[in-house]
Amino acid sequence: MTDTATQPVADTAATGTDDDAAYDVPADATAYTCSYCGRPFARESWLALHRGLAHPNELDDEEVDAFRAAHDEEEESLSTFRLQALGALVLIYFGFLMVYALV
Amino acid sequence: MTSGRRRTVALVVCGLGWLAATGTASAHGGSLAGGGRESLTIPTWLFLSTGGAAVGASFLLASFVTDRAFVERIHDWGRPLSGDYEHVLEYAGQLIGLAGLAAVFVVGFLGPTNARTNLAILLVWVGWWAGLAMTTYLVGNSWATLNPFKTLARLLPTLDRSYPTRVGSWPAVGGLLVLVWLEVVSPLADQPRLLASVVAGYTVLTLAGALVFGPDDWFGYADPVERVFGYYGRFAPIGRDEDGLRLRLPGMDLSTPRLVDGPDEVAFVVALLWVTTYDGLVTTPAWRDLTTPIVAAGVPPHLLYPVALAVGFAGFLGVYRLAVRLSRDMSETYLTPAVLAQRFAPPLVAIAVGYHFAHYLGYFLVLAPSLAVALSSPFADPAVVPTVDLPAWFGAVALASVIVGHLVAIWVAHAAAYDLFPARLQAIRSQYPFIAVMVFYTMTSLWVVSQPEVALPHL
């Protein structure tokens, strides 16, 4: 243990085990690896989000900006998802209402 | 949206999910009488798909809660409860546990042979496996203190051999399956002498294990009963952490990282879920109809039951592992399947709890007066023992608890996914395969609970 910064402090949730076997990156896949704890991600925006959530006190300005941008992008896709989920709920509700009326 | 408004919305959404679920159950469960169940007034497929839809819709509702801080606050909420009274409670609990074990031996071997009046039978099945088990998830895991085998083992010397870590909790997985097989196929609930003998065998085995490996390792890894109650206790509102006793919201401790640690513990949680299903499944008419030609073809029934138990367990474990792999693909994560399997296993405990409650609450309430009579005069053999007649609406409680168990599981898995993945949509996507399995499993459970109970066929 030479460098304490590489020890995952807030990210215990991600590593079920302490050894390297917690991650499995396919050979041909691109991975964006966190420089603080070594966790790999498939997308750059996920790495940015992870840095903001798991290492909030260690980031430089550029990383903070990347986190904000990724967060805004995420909010947008979440509102789309909410609409879809609401649509599905309405379908389930009225679908069953009609089935109960018929049966 | 401000965080205050978000919170209100989240609460309303959770409340609606709950109402939707219980409304469904009570509307159609009313026709299920406590003992002899009648047929449903709506077609079974519609009843089952309504239950499945309630679970699916609850997932959609849970996915509206996207405020990480709110999710964490719910799961971290708690109050310390520790105090000096704990030592007194501990001694009292150990004494009660030892007295209970002694009663099972003495009354089991010497008491009346009638199962309905024998204290050993009533104490083990009504008091312990139904009543005490319910208190472990509704209040707190008192078995950790009551466990008379642990109290005895701590009084005995130990060889203190180091427990083989490679074996892990696999003996507990096997032990649980064997115990449930014994419970289902043998007349353990009818013959007090047999029950006392089995308890004696379990005592010898457990004390021998503790003697060789030390009580802490034996009860920590290999003892199935300690483990079942341990997991049930993680659901309870009163739990123990490093600072002592603590009050928390029911079920919310199940999202704690490393609660399930290793493939053996994943297998144990899946086994816990499977045995509760198996227990109900073998007394359905469908099981009788399915197995009648098999037995007629010459397969011995004594082979059929353990094989079905093992095959079902393998099937459950296979489906869970498949769901984990699909979840990994859908969330595009580089975490290994093992990490995901461990993190999403504890929510299954909530489902097992819901199912146990559905199965045993009525049983406990009906027979509790008999237990009280047997406790007050253990060697008397009255011709008539009091029981309670449950009202017709009671079947709804069973159906509601199956669904509430699933709802808690969905919420806990939602929180675990948020903890695990940096992107919230990624977390939601990771749950799709588990929700599909849960919808299917709810429908299976509701079907089993709504079936008339028949005598165990072929035995």
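Chain A is the first sequence line, chain B the second, and so forth, proteins listed ahead of strands; every chain is numbered from 1. Source: prediction; values computed, not measured.
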Undergrad: What residues of residues 86-96 of chain A sit under 4.5 Å from chain B when only non-hydrogen atoms are counted?
TA: A:Leu86, A:Ala88, A:Leu89, A:Ile92, A:Phe96
Undergrad: Sort B:Ala338 into side chain, backbone, both or neither according to what part of it lies under 4.5 angstrom from a heavy atom of chain A.
TA: neither
Undergrad: Check this for me: B:Arg246, atom CZ, are more than 12 non-hydrogen atoms of other residues, nucleotides or ligands nearer than 6.0 Å?
TA: yes
Undergrad: Just how far is it from atom OG1 of B:Thr66 to atom CD of A:Glu75, taken to the nearest 0.5 Å?
TA: 6.5 Å
Undergrad: Atom CZ in A:Phe41, atom CD in B:Glu332: separation rounded to 0.5 Å?
TA: 13.0 Å
Undergrad: Got a second to check how far B:Arg68's CZ is from A:Leu53's CG, nearest 0.5 Å?
TA: 4.5 Å
Undergrad: Measure A:Ala70 against the heavy atoms of chain B and call it side chain, backbone, both or neither at under 4.5 Å.
TA: neither
Undergrad: Pick one of side chain, backbone, both or neither for B:Thr256, based on which atoms fall under 4.5 Å of a heavy atom in chain A.
TA: neither
Undergrad: For A:Asp60, I'd like to know if atom CG has over 12 heavy atoms of other residues, nucleotides or ligands within 6.0 Å.
TA: yes
Undergrad: If I take atom CD from residue B:Gln426 and atom OG from residue A:Ser77, how far apart are they, to the nearest 0.5 angstrom?
TA: 11.5 Å
Undergrad: Take a 6.0 Å sphere around OH of B:Tyr221 and say whether it holds more than 12 heavy atoms from other residues, nucleotides or ligands.
TA: no
Undergrad: Side chain from CB out, backbone as N, CA, C, O: work out which of these in A:Arg43 comes under 4.5 Å of a heavy atom of chain B, or both, or neither.
TA: side chain
Undergrad: Please walk me through it: do A:Phe81 and B:Ile428 pass side-chain contact (heavy atoms from CB on, under 4.5 Å)?
TA: CA-CA 10 Å; A:Phe81 172 81; B:Ile428 291 171; 3.5 Å; yes
Undergrad: Is there a donor-acceptor contact under 3.5 Å from the side chain of A:Glu74 to the main chain of B:Ala423?
TA: no
Undergrad: How long is the span from the CG atom in B:Leu425 to the CD atom in A:Glu76, to the nearest 0.5 Å?
TA: 12.0 Å
Undergrad: Does some side-chain heavy atom of A:Val103 sit less than 4.5 Å from a side-chain heavy atom of B:Trp45?
TA: yes
Undergrad: Within the structure provided, determine whether A:Leu49 and B:Arg424 are in side-chain contact (heavy-atom separation under 4.5 Å).
TA: no
Undergrad: May I ask you to test the B:Leu335-A:Tyr23 pair for a side-chain heavy-atom distance under 4.5 Å?
TA: yes
Undergrad: Heavy-atom distances under 4.5 Å only: say whether B:Ser331 touches chain A with side chain, backbone, both or neither.
TA: backbone
Undergrad: Would A:Arg39 and B:Tyr334 count as a side-chain contact (heavy atoms from CB on, under 4.5 Å) if you check the C-alpha gap in whole Å, the side-chain angles of each, and the deciding distance to 0.1 Å?
TA: CA-CA 8 Å; A:Arg39 182 174 165 184; B:Tyr334 291 141; over 6 Å; no
